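Quick caveat, the model's predicted, so the values are computed rather than measured.
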Amino acid sequence: MNNNDRPESPYDEAGRLVRLCEALDFEGIVQHRPKAVSALQNVVRTLNLTLPRRVGDKPVVGGGIVDVRVAPTLLEAAGDDAAELQLRRRQLVESLTRAGLGDRMGKIYSSLTDDHLRPFRDAPHKMGLPAFDMVLAPDFSPETGLHGIFIGVQEVVSCLLPGADSSRTWQVRERARFGNPEELVDIVSLMSAGFP
C-alpha cells in the first residue's frame, strides 16, 4: 500500500488545515480585496471537499451559514443569518450613500497627508479600536493624526489615532447608539462635522 492509498491521519489533516488557514490574508478578506477573498473561497471549496457537509445539526462553512463573498463581521456575530446580514448591510450602505457619504466608506481622515482621505487599510494598526463592521472618513481631525468613524451593530464610534507615532493606540472620542439607518445617518453626519 503506497502513501496515496493511505487515509490521511487526523494529525495530517489538522496540519493541512492549519497551513491552508495560515496562507489566508485575513486583513485583506475583511477589506474585501479580490485576491484575498478569492483565496478564502478556494480554502472553503477545499474544506467542502474534505469535510462532511454537516457537523451535528449545523451546516459547516459553505453549507449555507457563511457567505464567502462577505467577510465575517459584527453583524454576523449578532446572530443574523446570511440573508438578513446582507439586507441589513445593504440598507446601511444605501442610507449612507443617499446621504452623500458613500465616497467616504472604507476610508479615514488624515491630517498628515495633503489628500486628507486615505484608505483605512493604510492605517498603521488597529490597536485600541472597538469591534466594528464599517468605517468611514469624517470631514476633519480635531488633532494631528488619523480620524475615523466606526460603525458597529448598534453603535457608532468616533476614534482618533493621534500624531504620526504608530505605537500609540486609537482613542475613542465619542460614541452613540442607533436603532435604524436614518438614526445612523444623522449620527454619522454630526460626528463627521465635529458635533457631539
Side-chain angles (χ1 to χ4, degrees), residues 21 24-41 43-44 58 61-62 64-110 117-139 141 145-161 169-196:
C21 291
L24 292 174
D25 175 9
F26 292 103
E27 187 66 31
I29 292 166
V30 169
Q31 295 173 1
H32 303 288
R33 290 186 201 136
K35 189 173 180 179
V37 172
S38 176
L40 173 63
Q41 290 170 331
V43 168
V44 169
K58 296 184 179 181
V61 172
I65 282 184
V66 177
D67 181 345
V68 296
R69 293 171 296 166
V70 178
T73 65
L74 278 181
L75 297 177
E76 285 178 347
D80 292 340
D81 68 17
E84 287 177 36
L85 166 68
Q86 289 178 340
L87 175 63
R88 195 165 165 189
R89 175 179 274 174
R90 187 171 31 255
Q91 289 171 340
L92 294 177
V93 169
E94 287 171 358
S95 295
L96 292 167
T97 301
R98 275 194 307 273
L101 300 168
D103 62 330
R104 294 174 173 264
M105 285 187 264
K107 298 177 183 175
I108 53 177
Y109 183 93
S110 171
L117 296 184
R118 64 190 273 196
F120 176 63
R121 68 178 173 267
D122 292 346
H125 62 76
K126 295 173 182 62
M127 295 184 303
L129 284 175
F132 67 93
D133 186 57
M134 284 191 253
V135 61
L136 62 97
D139 295 327
S141 182
L146 306 177
H147 185 196
I149 297 175
F150 298 87
I151 303 168
V153 177
Q154 294 178 327
E155 185 176 49
V156 180
V157 184
S158 173
C159 296
L160 298 169
L161 182 59
T169 61
W170 286 83
Q171 299 169 0
V172 173
R173 182 169 181 253
E174 67 181 296
R175 314 175 164 257
R177 296 186 67 74
F178 68 94
N180 58 52
E182 293 76 26
E183 286 180 13
L184 170 68
V185 168
D186 290 343
I187 292 167
V188 168
S189 295
L190 289 170
M191 279 186 181
S192 179
F195 296 105

For a quick test of reading the model, state the closest non-hydrogen atom pair linking [X] to [Y] and the distance between them.
X: Pro124; Y: Leu146; answer: CD-CD1, 3.7 Å
X: Arg118; Y: Ala123; answer: NH2-N, 4.4 Å
X: Phe178; Y: Val153; answer: CZ-O, 3.4 Å
X: Met134; Y: Leu96; answer: SD-CD1, 4.4 Å
X: Phe150; Y: Cys159; answer: CE1-CB, 3.7 Å

Only counting residues at least two apart or in another chain, list the ones meeting side-chain contact (heavy atoms from CB on, under 4.5 Å) with Leu117.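 Once residues adjacent in sequence are excluded, the partners of Leu117 under the side-chain contact (heavy atoms from CB on, under 4.5 Å) criterion are Arg104, Lys107, Tyr109, Ala137.
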To the nearest 0.5 Å, what is the distance between [atom1] ([X]) and [atom2] ([Y])?
X: Leu161; Y: Leu129; atom1: CG; atom2: CG; result: 8.0 Å
X: Arg175; Y: Ser158; atom1: CZ; atom2: OG; result: 11.0 Å
X: Glu155; Y: Asp133; atom1: CD; atom2: CG; result: 13.0 Å

Report yes or no: does Trp170 contribute a side-chain atom to a donor-acceptor pair with the main-chain N or O of His125 at less than 3.5 Å?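 Side chain of Trp170 to backbone of His125, a donor-acceptor pair under 3.5 Å: yes, one is there.
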Counting only pairs under 3.5 Å, give me each side-chain donor-acceptor contact of residues 182-192, with atom names and distances, residues two or more places apart or in other chains.
unit_1	atom_1	unit_2	atom_2	d
Glu183	OE1	Gly179	N	2.7
Ser189	OG	Val185	O	2.8
Ser192	OG	Asp139	N	3.1
Ser192	OG	Asp139	OD1	3.4
Ser192	OG	Asp139	OD2	3.3

Residue among Leu92, Val135, Thr97 satisfying side-chain contact (heavy atoms from CB on, under 4.5 Å) with Met105: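 Only match with Met105 under side-chain contact (heavy atoms from CB on, under 4.5 Å): Thr97.
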